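Below you'll find the structure, written out as structure tokens, and then a few comments.
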Amino acid sequence: MKIGELAKRTEVPTRMLRYYEEQGLITPRRQQNGYREYDEYLVDRVKKIRGLLDSGIPTRIIGDMLPCLNQPQEIVVADPDPELREMLVRERDRMTERIALLEHHCHALTKYIAAMDRSLAATTEIRLPQ
DNA sequence: CTTCTCACA
DNA sequence: TGTGAGTA
């Protein structure tokens with residue numbers, strides 16, 4: 001399929017698909033006219049990439065993770081690269097920190113929303129007697 | 001419609 | 001990490 005169709009099916013703009021390619025995350029074949037030609041399996045792959053990116057994982061880490069993502073379920077690592085392991089540990093810890101931060105701000109929003117609701121309830125009470 | 005690159009937030 | 005503009 002061409003880039004437009006992949007964009008539609010993955011909800012990822014064509015601009016981003018080219019960007020992922022530039023970052024070495026996907027490598028589509030080329031048609032004779034130079035247009036990118038995407039295989040079916042790339043639909044799933046792009047969705048996974050989006051998910052990881054949305055989780056705040058940098059593209060270079062995603063690139064290192066892609067081989068693992070292809071193999072289904074029980075991950076078997078033939079050659080456990082210590083450096084890669086260390087990088088993944090750092091990434092996981094970063095993620096844990098972000099989760100804590102998100103929870104903090106989530107609670108803050110909840111309190112603010114509650115304050116707004118109280119304010120609304122108060123103005124409603126004032127209007128009722130009128 | 002597709003391709004590319006350069007600049008920029 | 002992504003976008004916008006201009007090109008062909």
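We name chains A, B, ... by the order of the sequence lines, and we start the count at 1 in each one. From a predicted model like this one, the values you see are computed outputs, not experimental measurements.
- Straight-line distance from the CD1 atom of A:Ile61 to the C1' atom of C:dT1: 14 Å, rounded to whole Å.
- B:dC1 atom C1' lies 14 Å from atom NZ of A:Lys8, rounded to whole Å.
- In this entry the distance linking CD of A:Gln32 with C1' of B:dT3 reads 16 Å, nearest Å.
- Between A:Glu91 and A:Arg94 there is a salt bridge, since at least one side-chain N of the basic residue sits less than 4.0 Å from a carboxylate O of the acidic one.
- Counting only distance, with no hydrogens or angles, the side chain of A:His107 and the backbone of A:Glu103 share a donor-acceptor pair below 3.5 Å.
- Salt bridge A:Arg9/A:Glu40: present, at least one basic N to carboxylate O contact under 4.0 Å.
- A salt bridge links A:Glu21 and A:Arg36; the closest N-O separation between the charged side-chain nitrogens and carboxylate oxygens is under 4.0 Å.
- Heavy-atom distances to DNA chain B give each of A:Glu22 and A:Lys2 a nearest nucleotide, and the one nearer the 5′ end belongs to A:Lys2.
- The strand DNA chain C forms stems, runs of 3 or more Watson-Crick or G-U wobble pairs with distances below 3.5 Å, at B:4-9 with C:1-6.
- Separating the CG atom of A:Asn33 from the C1' atom of B:dC1 is a distance of 11 Å, rounded to the nearest angstrom.
- Taking 4.0 Å as the cut-off between side-chain N and carboxylate O, A:Asp81 and A:Arg85 do not count as a salt-bridged pair.
- The distance between atom CG of A:Leu6 and atom P of B:dT3, rounded to the nearest whole Å, is 11 Å.
- Atoms CG (A:Leu17) and P (B:dT2) sit 11 Å apart, rounded to a whole Å.
- Side-chain contact, A:Tyr35 with A:Arg29: no donor N or O sits under 3.5 Å from an acceptor N or O.
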Nucleotide-resolved protein contact map, nucleotides 2-8 of chain C, B/S/- at heavy-atom distance under 4.0 Å: BBB----
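- No engagement by A:Arg60 is indicated, since no non-hydrogen atom pair under 4.0 Å with the nucleic acid exists.
- The separation between A:Arg30 atom CZ and B:dT2 atom P is 13 Å, rounded to whole Å.
- At whole-Å resolution of the value, CZ in A:Arg18 and P in B:dT2 are 7 Å apart.
- Ion pairing of A:Arg90 with A:Glu86 is present here, as a side-chain N (NZ or NE/NH1/NH2) and a carboxylate O approach within less than 4.0 Å.
- With values rounded to the nearest 0.5 angstrom, A:Met65 atom CE is found 9.5 Å from A:Met87 atom CE.
- In this structure a side-chain-to-backbone donor-acceptor pair under 3.5 Å is missing from A:Gln23 to A:Arg60.
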